[in-house]
Amino acid sequence: MSFFNFLLILAGVMLNAFAQLFLKAGTNAINAMGIDKAKIVASAFKVVFEPHILGGLGCYAFSVIIWIVALSRVQVSVAYPMLSIGYVVNLFMAWYFFGEPISIQKMAGIVVIIIGVYLIAKS
């Protein structure tokens, strides 16, 4: 895989990871959403106008465009596993921004993911 193609895939993965972080920030801002009939309209209204959620959806949309370009240049059997990089990014960003804990077990999983992505990228 060329370096440019790797950067293209990485850009799509990073946008997807940031989308998750924006969505989490948005849900933190609006608190727990109601799913009963009385609260569903109020919850939907909050979601539609929450800036973080809109930012997350924008990141998703842009990541899809980049992903389509990447798939036109790279085999899907190579590109798709690269999405796992998002797990690594989200683990550390969730710890940094939201104070989510990082356990030894999570770190072991991250090491396995990194090794797997490396092996696939080199194939």
Side-chain angles (χ1 to χ4, degrees):
M1 172 179 353
S2 73
F3 185 68
F4 177 76
N5 289 343
F6 179 75
L7 287 180
L8 197 60
I9 290 170
L10 188 60
V13 168
M14 294 301 288
L15 281 167
N16 194 300
F18 286 131
Q20 288 295 318
L21 296 167
F22 275 121
L23 293 177
K24 178 60 179 166
T27 59
N28 285 351
I30 62 175
N31 297 316
M33 296 173 37
I35 55 172
D36 58 18
K37 290 180 183 178
K39 294 182 180 178
I40 196 145
V41 173
S43 293
F45 186 77
K46 287 179 185 179
V47 167
V48 169
F49 293 104
E50 167 51 46
H52 295 98
I53 290 177
L54 294 174
L57 294 175
C59 284
Y60 269 136
F62 195 45
S63 76
V64 168
I65 293 167
I66 290 176
W67 194 251
I68 290 169
V69 173
L71 287 177
S72 75
R73 303 169 63 95
V74 177
Q75 296 174 350
V76 72
S77 63
V78 174
Y80 189 70
M82 298 295 164
L83 289 173
S84 300
I85 296 168
Y87 297 129
V88 177
V89 171
N90 271 318
L91 176 75
F92 292 109
M93 294 300 229
W95 167 76
Y96 183 79
F97 288 114
F98 306 121
E100 294 184 10
I102 298 178
S103 66
I104 298 293
Q105 192 171 9
K106 286 180 183 178
M107 287 303 298
I110 292 302
V111 168
V112 170
I113 289 170
I114 291 170
I115 291 168
V117 168
Y118 174 78
L119 292 174
I120 290 170
K122 295 303 265 180
S123 67

I want to know whether F49 and F45 have ring centres closer than 6.0 Å.
yes
Ignoring hydrogens, what is the shortest heavy-atom contact between F98 and A25? Give both atom names and the distance.
CZ-N, 3.8 Å
Working to the nearest 0.5 Å, report the span between CE of M82 and CG of N5.
11.0 Å
When rounded to the nearest 0.5 angstrom, what is the spacing between CZ in F6 and CG in L10?
5.0 Å
Please say whether more than 12 non-hydrogen atoms of neighbouring residues, nucleotides or ligands are located less than 6.0 Å from OH in Y80.
no
Over all atoms of both residues, closest heavy-atom pair of N90 and A17
OD1-O, 3.2 Å
Just so I know, are the side chains of L119 and I115 near enough to count as touching, which here means a heavy-atom distance under 4.5 Å?
yes
Closest non-hydrogen contact found for S84 with V117 is CB-CG2, 4.0 Å
Cluster link V88 to L21, ILVMFWY, side chain under 4.5 Å
yes
Please find the pair of heavy atoms, one from V76 and one from P81, that lie closest to each other, and give the distance.
O-CD, 3.8 Å
If I take atom CD1 from residue I85 and atom CG from residue N16, how far apart are they, to the nearest 0.5 angstrom?
11.5 Å
Run K24 and E100 through side chain to side chain contact (heavy atoms under 4.5 Å, CB included) and show every step you take.
CA-CA 12 Å; K24 178 60 179 166; E100 294 184 10; 4.0 Å; yes
Under 3.5 Å, side chain of E50 to main-chain N/O of H52, donor-acceptor pair present?
yes
Run the numbers on L8 and W67 for side chain to side chain contact (heavy atoms under 4.5 Å, CB included), then give the verdict.
CA-CA 8 Å; L8 197 60; W67 194 251; over 6 Å; no
In terms of hydrophobic clustering (I, L, V, M, F, W, Y; side-chain heavy atoms under 4.5 Å; direct or indirect links), are L71 and L7 co-clustered?
no
Walk me through whether I53 and I30 qualify under side chain to side chain contact (heavy atoms under 4.5 Å, CB included).
CA-CA 10 Å; I53 290 177; I30 62 175; 4.2 Å; yes
Evaluate whether atom CD1 of I104 has more than 12 neighbouring non-hydrogen atoms of other residues, nucleotides or ligands under 6.0 angstrom away.
no
Do L15 and F22 land in one hydrophobic cluster if side-chain heavy atoms of ILVMFWY residues count as linked below 4.5 Å?
no
Shortest non-hydrogen separation from F18 to C59 and the atoms involved
CB-SG, 4.5 Å
Would a single hydrophobic cluster contain both I113 and M14, if residues Ile, Leu, Val, Met, Phe, Trp and Tyr are joined by side-chain heavy-atom contacts under 4.5 Å?
yes
Do R73 and F4 pass the side chain to side chain contact (heavy atoms under 4.5 Å, CB included) test, and can you show the C-alpha distance, the side-chain angles, and the key distance before you say yes or no?
CA-CA 10 Å; R73 303 169 63 95; F4 177 76; 3.4 Å; yes
Does V112 belong to the same Ile/Leu/Val/Met/Phe/Trp/Tyr cluster as Y87, with side-chain heavy atoms less than 4.5 Å apart forming each link?
no
Spatial distance of atom CG (L83) from atom CD1 (I9) [nearest 0.5 Å]:
8.5 Å
